[in-house]
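Have a look at the structure below before the remarks.
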Amino acid sequence: MDAADATVEKLRAQCLSRGALGIQGLARFFRRLDRDRSQSLDSGELQRGLAELGLVLDTAEAEGVCRRWDRDGSGMLDLEEFLRALRPPMSQAREEVIAAAFAKLDRSGDGVVTVDDLRGVYSGRAHPKVRSGEWTEEEVLCRFLDNFDSSEKDGQVTLAEFQDYYSGVSASVDTDEEFVAMMTSAWQL
């Protein structure tokens with residue numbers, strides 16, 4: 001295992017010790033550090049950010065991590081790729097139940113879930129904010145979809161985005177059986 005992998009393992013362990021929201025919390029934290037909204041950090045930003053979280057890296061370690069997830073040769077750490085690498089791998093059973101839930105939502109079968117797809121599966125009429133007149137049913141469905149959308153919030157959720165969301169959830173569920181039961185119940189599969 002090289003230094004960048006060892007650093008990622010330390011960071012993954014720290015995130016998982018924080019429970020279900022550890023990696024999601026780290027994602028939000030990194031996005032706040034990304035002041036120019038470039039979806040990337042330089043090694044100095046990464047080093048300072050991780051130090052705030054209690055993970056101290058020396059300059060060489062921070063540069064190694066940036067190099068590992070630098071997809072375009074810019075010397076910057078690609079945040080989405082890095083966060084994806086932090087998540088523990090999922091078993092085939094978990095991947096299959098996530099794909100089944102996505103397929104249920106993707107009514108059009110085009111590989112992208114939109115508000116129109118959701119309308120065919122769920123209704124927002126019973127939501128308390130719709131009942132009070134504060135939100136429309138469309139707003140409820142949009143906000144629901146935003147939970148699974150990437151940081152760019154384009155109103156379309158791909159299978160990869162859906163898997164990314166659930167890989168964060170998966171990290172906090174001990175057994176495949178528990179995860180599959182949770183997904184089956186939540187999505188009425």
Side-chain angles (χ1 to χ4, degrees), residues 11-12 14-41 45 49 52-53 78-84 86-88 90 94-175 177-189:
L11 188 54
R12 179 183 293 148
Q14 185 179 35
C15 288
L16 293 177
S17 73
R18 294 178 181 189
L21 299 177
I23 292 174
Q24 289 175 333
L26 183 64
R28 281 190 302 276
F29 178 76
F30 279 151
R31 287 186 185 104
R32 280 194 309 269
L33 291 176
D34 181 21
R35 299 198 193 287
D36 66 356
R37 304 281 182 241
S38 65
Q39 299 290 311
S40 59
L41 298 174
E45 291 169 321
E52 283 182 43
L53 297 174
D78 181 291
L79 288 179
E80 293 304 318
E81 290 291 325
F82 181 62
L83 291 168
R84 199 169 289 124
L86 280 176
R87 294 182 180 117
M90 288 189 293
R94 292 179 190 222
E95 288 179 356
E96 286 172 358
V97 75
I98 291 167
F102 184 84
K104 180 177 182 177
L105 292 177
D106 183 16
R107 304 244 322 165
S108 64
D110 64 358
V112 177
V113 175
T114 64
V115 169
D116 287 338
D117 288 317
L118 290 181
R119 253 189 230 104
V121 181
Y122 294 103
S123 169
R125 288 186 296 255
H127 191 283
K129 291 193 176 192
V130 171
R131 293 176 117 180
S132 72
E134 188 177 338
W135 289 355
T136 65
E137 187 174 355
E138 177 94 1
E139 287 174 299
V140 168
L141 295 175
C142 284
R143 288 175 188 247
F144 177 74
L145 194 61
D146 281 350
N147 288 311
F148 307 103
D149 207 351
S150 69
S151 59
E152 295 180 17
K153 307 288 183 221
D154 60 3
Q156 299 181 347
V157 174
T158 64
L159 177 57
E161 289 170 325
F162 199 70
Q163 288 170 325
D164 278 349
Y165 174 86
Y166 274 109
S167 70
V169 173
S170 173
S172 68
V173 179
D174 292 332
T175 68
E177 292 78 19
E178 290 173 295
F179 185 81
V180 169
M182 176 197 72
M183 291 293 292
T184 301
S185 175
W187 294 105
Q188 300 172 358
L189 300 175

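Remember, predicted model here, so these are calculated numbers, not experimental data.
- For Asp116 and Arg119, the salt-bridge test passes: some basic side-chain N is under 4.0 Å from an acidic carboxylate O.
- The nearest pair of heavy atoms linking Arg125 to Arg131 is O-CG, 3.5 Å.
- With contacts defined as side-chain heavy-atom distances shorter than 4.5 Å, the pair Val173/Tyr166 does not qualify.
- Atom-to-atom distance recorded for Gln156:CD and Asp110:CG is 8.0 Å, nearest 0.5 angstrom.
- Ring geometry for Phe148 versus Trp187: interplanar angle of 30 to 60°, hence tilted.
- Across all non-hydrogen atoms, the minimal contact from Leu159 to Ala99 is CD1-CA, 4.3 Å.
- At least one donor-acceptor pair closer than 3.5 Å links the side chain of Glu139 to the backbone N or O of Thr136.
- Using modelled atom types, no side-chain atom of Lys104 and backbone atom of Val121 make a donor-acceptor pair closer than 3.5 Å.
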Assess whether side-chain contact (heavy atoms from CB on, under 4.5 Å) is satisfied between Phe162 and Val113, documenting all intermediate values. CA-CA 9 Å; Phe162 199 70; Val113 175; over 6 Å; no
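- When atom types are taken as modelled, the side chain of Asp106 and the backbone of Asp117 share no donor-acceptor pair closer than 3.5 angstrom.
- In this structure, Met183 and Ala101 approach most closely via the heavy-atom pair CE-CB, 3.9 Å.
- Proximity of a side-chain donor or acceptor of Arg94 to a complementary backbone N or O of Thr175 within less than 3.5 Å is detected.
- The shortest side-chain heavy-atom distance between Lys129 and Val140 does not fall under the 4.5 Å cut-off.
- Taking all atoms of both residues into account, the shortest heavy-atom contact from Glu161 to Val157 is OE1-CA, 3.1 Å.
- Contact of the Leu105 side chain with the Tyr122 side chain is registered, since non-hydrogen atoms from C-beta on lie closer than 4.5 Å.
- Expressed to the nearest 0.5 Å, how far OG of Ser170 lies from CD of Glu95 amounts to 9.0 Å.
- Atom CD1 of Ile98 sits about 9.5 Å away from atom CG of Asp164, to the nearest 0.5 Å.
- We find the NE2-CG distance between His127 and Leu141 to be 10.0 Å, quoted to the nearest 0.5 Å.
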